[in-house]
K.L.:
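Questions regarding the structure given below will be posed in turn.
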Amino acid sequence: MANVNYPTVTAEMIERYYECNKQKKEIENQMEELKQLFHLYFDKSVGEEKKAEVVMGGYKLQRQVRKSEKFSDETVQKLEALRMHELIKTVKKPDDAKIKAAIQLNLIKEEELEGCLVTSSSMAISVKPLLPK
């Protein structure tokens, strides 16, 4: 049998992760405040939602404007009134709440939908101090 080396976790590593996560949150807050100031500066100097840049102290600060377009949900009613049904997308999706209710009421057996239920999971690491620092 092959010799398998598993990673080691130490108290110092956990503490370092905790401290780094705290610093990350503080840095993200500072960056968000600076971004708001930069947007306010550009709003006042060149106008709202305008592309802009400024060069200072060996750095170039840029504001980019990305636009996306999509039709609102009210478009469906207008297209129906114009009898343009071929321009309307019909999306068929299972109604999770109704399916679970139907199973509880024995209108459908869970076995009849075997292989249809998709389960997903995500993992997260959380570190909290046991004693206040």
K.L.:
Could you pull out all residues at least two apart from Lys51 that satisfy salt bridge (charged side-chain N to carboxylate O under 4.0 Å, His left out)?
P.N.:
none
K.L.:
Show the numbers, then the answer: is there a side-chain contact (heavy atoms from CB on, under 4.5 Å) between Phe42 and Leu61?
P.N.:
CA-CA 10 Å; Phe42 285 134; Leu61 173 65; 3.9 Å; yes
K.L.:
Can you list the steps and then say if Glu33 with Met31 is a side-chain contact (heavy atoms from CB on, under 4.5 Å)?
P.N.:
CA-CA 5 Å; Glu33 287 176 22; Met31 288 178 66; over 6 Å; no
K.L.:
Go through the structure and list residues passing salt bridge (charged side-chain N to carboxylate O under 4.0 Å, His left out) with Glu32, not counting sequence neighbours.
P.N.:
Lys35
K.L.:
Test of understanding: with side-chain contact (heavy atoms from CB on, under 4.5 Å), list the residues that count as partners of Ala102, not counting sequence neighbours.
P.N.:
Leu107, Ile108
K.L.:
Going only through I, L, V, M, F, W and Y residues with side-chain contacts under 4.5 Å, is there a path from Met56 to Val46?
P.N.:
yes
K.L.:
Quick one: list whatever passes side-chain contact (heavy atoms from CB on, under 4.5 Å) with Glu12, sequence neighbours left out.
P.N.:
Thr10
K.L.:
Might you confirm whether atom CD of Glu86 has over 12 heavy atoms from other residues, nucleotides or ligands at distances under 6.0 Å?
P.N.:
yes
K.L.:
Could you list the donor-acceptor pairs under 3.5 angstrom formed between side-chain atoms of residues 69-76 and any protein atom two or more places apart in sequence or on another chain?
P.N.:
unit_1	atom_1	unit_2	atom_2	d
Ser72	OG	Glu74	OE1	3.0
Thr75	OG1	Ser72	N	3.4
Thr75	OG1	Ser72	O	2.7

K.L.:
Can you name the nearest heavy-atom pair linking Glu53 to Gln62, along with the distance?
P.N.:
OE1-NE2, 3.2 Å
K.L.:
Could you check whether any side-chain heavy atom of Met13 comes within less than 4.5 Å of a side-chain heavy atom of Tyr17, counting everything from C-beta outward?
P.N.:
no
K.L.:
Could you tell me whether Arg16 and Glu19 make a salt bridge, using a distance below 4.0 angstrom between a side-chain N and a carboxylate O?
P.N.:
no
K.L.:
Strictly by side-chain hydrogen bond (donor to acceptor under 3.5 Å, both in side chains), give each pair with a member in residues 87-110 just once, sequence neighbours left out.
P.N.:
none
K.L.:
Can you name the nearest heavy-atom pair linking Asp43 to Glu48, along with the distance?
P.N.:
OD1-CA, 3.5 Å
